[in-house]
Amino acid sequence: MTTLKFLTLPEMFIRQSPHCDARPEGEAVSLLVIHNISLPAGQFASVPEQSHVDALFMGTLDTNADASFACLQGLRVSAHCVIWRDGRIFNYVPFSHRAWHAGVSQFAGRERCNDFSIGIELEGTDNLPYTEQQYQSLVALTYFIVQQHPAITPERIVGHCDIAPGRKTDPGIAFDWMRYRSAVREFFL
């Protein structure tokens with residue numbers, strides 16, 4: 001039997017998204033989903049709390065601000081956390097609640113992944129490398145999450161592309177899965 005090493009919650013800035021609800025009664029968190037996001041695509045925030053991504057998750061996005069936002073009109077979406085390029089973590093939805101990050105999704109024969117998953121967004125795109133600070137924060141946050149939710153095993157840490165193939169591609173080819181999985185596996189030794 002393996003035991004996890006103890007780690008405290010990494011520093012997070014709380015932003016309470018209205019786009020969440022209760023998980024189904026008795027539902028245990030058993031999946032961690034890694035995403036990417038930038039609005040407009042490929043443009044990164046210098047002040048995250050004033051960014052279009054933050055506005056999307058807070059339900060205040062002006063969809064007239066950029067032509068690419070037209071498809072976001074009326075969209076209600078959130079993730080549990082966003083890890084910005086500088087490594088700061090914003091927590092939008094408590095881990096105990098259901099964030100609306102996965103959309104139409106399936107994992108191991110189960111649909112509606114939002115019911116049993118935690119969603120972490122990395123500010124980025126499929127094709128641009130993520131930052132050292134983002135990997136450090138993601139590893140620390142993952143460590144904390146798997147410590148709190150032991151049903152999440154290394155095999156139950158996936159990309160959005162894995163639960164919505166053909167519909168989603170994130171976190172993309174730029175995400176270093178080997179590096180991340182190697183660090184995550186150390187938690188279980």
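A quick note: this is a predicted structure, and the numbers were derived from the prediction, not measured. Positions are given from 1 along the sequence.
Sequence neighbours left out, the pairs with a member in residues 23-47 that pass salt bridge (charged side-chain N to carboxylate O under 4.0 Å, His left out) are Glu27-Arg110.
Between Trp84 and Phe90, the two ring planes are perpendicular [angle over 60°; tilted spans 30° to 60°].
Heavy atoms only, all atoms of each residue included: Ser51 and Ala45 are closest at CB-CB, 3.5 Å. Nearest approach of Asn114 to Gly103, heavy atoms of both residues: ND2-N, 3.9 Å. Nearest approach of Gln106 to Gly109, heavy atoms of both residues: NE2-CA, 3.6 Å. For the pair Leu61 and Leu72, the tightest heavy-atom approach, listed with the atom from each and the gap, is CD2-CD1, 3.7 Å.
Using a 4.5 Å heavy-atom cutoff, the side chains of Val104 and Arg167 are in contact. The shortest distance between side-chain heavy atoms of Arg15 and Asp54 falls below 4.5 Å. At a threshold of 4.5 Å between non-hydrogen side-chain atoms, the residues Asp66 and Leu39 do not count as touching. At least one side-chain heavy atom of Pro171 sits less than 4.5 Å from a side-chain heavy atom of Trp177. With a 4.5 Å cut-off on side-chain heavy atoms, Arg88 and Pro48 count as touching. Residues Gln134 and Leu122 are in side-chain contact: their nearest non-hydrogen atoms beyond the backbone lie under 4.5 Å apart. For the pair Asp162 and Lys168, the minimum side-chain heavy-atom distance is 4.5 Å or more. Between Tyr130 and Asn36, some side-chain heavy-atom pair lies under the 4.5 Å cut-off.
Here the straight-line distance linking atom CZ of Arg185 with atom CD1 of Ile157 works out to 8.5 Å at 0.5 Å rounding. The structure places CD1 of Ile83 at 11.5 Å from CD of Gln133, a figure rounded to the nearest 0.5 Å. The distance from atom CG of Leu32 to atom CD1 of Ile152, rounded to the nearest 0.5 Å, is 5.5 Å. Rounded to the nearest 0.5 angstrom, Leu138 CG and Ile89 CD1 are separated by 8.5 Å. Taken from OG1 in Thr153 to CZ in Phe187, the straight-line distance is 13.5 Å, to the nearest 0.5 Å. To the nearest 0.5 angstrom, Arg98 atom CZ is 4.0 Å from Asp21 atom CG.
In terms of modelled atom types and a separation under 3.5 Å, the side chain of Ser17 and the main chain of Met58 share no donor-acceptor contact. Checking side-chain atoms of His160 against main-chain N and O of Ala102 turns up a donor-acceptor pair under 3.5 Å. The closest donor-acceptor contact from the side chain of Thr142 to the backbone of Ala140 lies at 3.5 Å or more, if one exists at all. Asp170 places no side-chain N or O within donor-acceptor distance of the main-chain N or O of Gly172, the cut-off being under 3.5 Å. Asn91 contributes a side-chain N or O that, together with a main-chain N or O of His80, makes up a donor-acceptor pair within less than 3.5 Å. In this structure a side-chain-to-backbone donor-acceptor pair under 3.5 Å is missing from Arg76 to Gly59. Glu121 places no side-chain N or O within 3.5 Å of a backbone atom of Cys81 that could act as its donor or acceptor partner.
For Gln16, the CD atom is loosely surrounded, since the number of other residues' heavy atoms within 6.0 Å does not exceed 12.
Partners of Phe44 according to the ring pair (Phe, Tyr, Trp, His ring centres under 6.0 Å) rule, which considers only residues two or more places apart in sequence or in another chain, do not exist here. Residues forming a ring pair (Phe, Tyr, Trp, His ring centres under 6.0 Å) with Phe69 (at least two apart in sequence, or on another chain): His52. Residues passing the ring pair (Phe, Tyr, Trp, His ring centres under 6.0 Å) test with Tyr92 are Phe57, sequence neighbours excluded. Applying the salt bridge (Lys or Arg N to Asp or Glu O under 4.0 Å) test to Arg156 and every residue at least two apart in sequence or in another chain returns nothing.
Under the 4.5 Å side-chain heavy-atom criterion for Ile, Leu, Val, Met, Phe, Trp and Tyr, Val82 and Phe95 are members of distinct hydrophobic clusters. Val53 and Met12 fall into different hydrophobic clusters, where Ile, Leu, Val, Met, Phe, Trp and Tyr are joined by side-chain heavy atoms under 4.5 Å apart, directly or via other members. By the rule that hydrophobic residues join a cluster once side-chain heavy atoms approach within less than 4.5 Å of another member, Ile34 and Leu128 end up as members of separate clusters. In this structure, Trp100 is not a member of the same hydrophobic cluster as Val29, with clusters built from ILVMFWY side-chain heavy atoms closer than 4.5 Å.
For an aromatic pair to be called close, the ring centres must be under 6.0 Å apart, and Tyr180 with Phe175 satisfies this.
Of the charged side-chain nitrogens involved, none lies within less than 4.0 Å of a carboxylate oxygen, so that Arg181 and Glu155 do not count as a salt-bridged pair.
Side-chain contacts under 4.5 Å among hydrophobic residues (ILVMFWY), followed directly or transitively, place Phe107 together with Leu31, Val33, Phe116, Val158, Ile163.
In the model, Ser38 has no side-chain atom that pairs as donor or acceptor with a side-chain atom of Gln43 under 3.5 Å.
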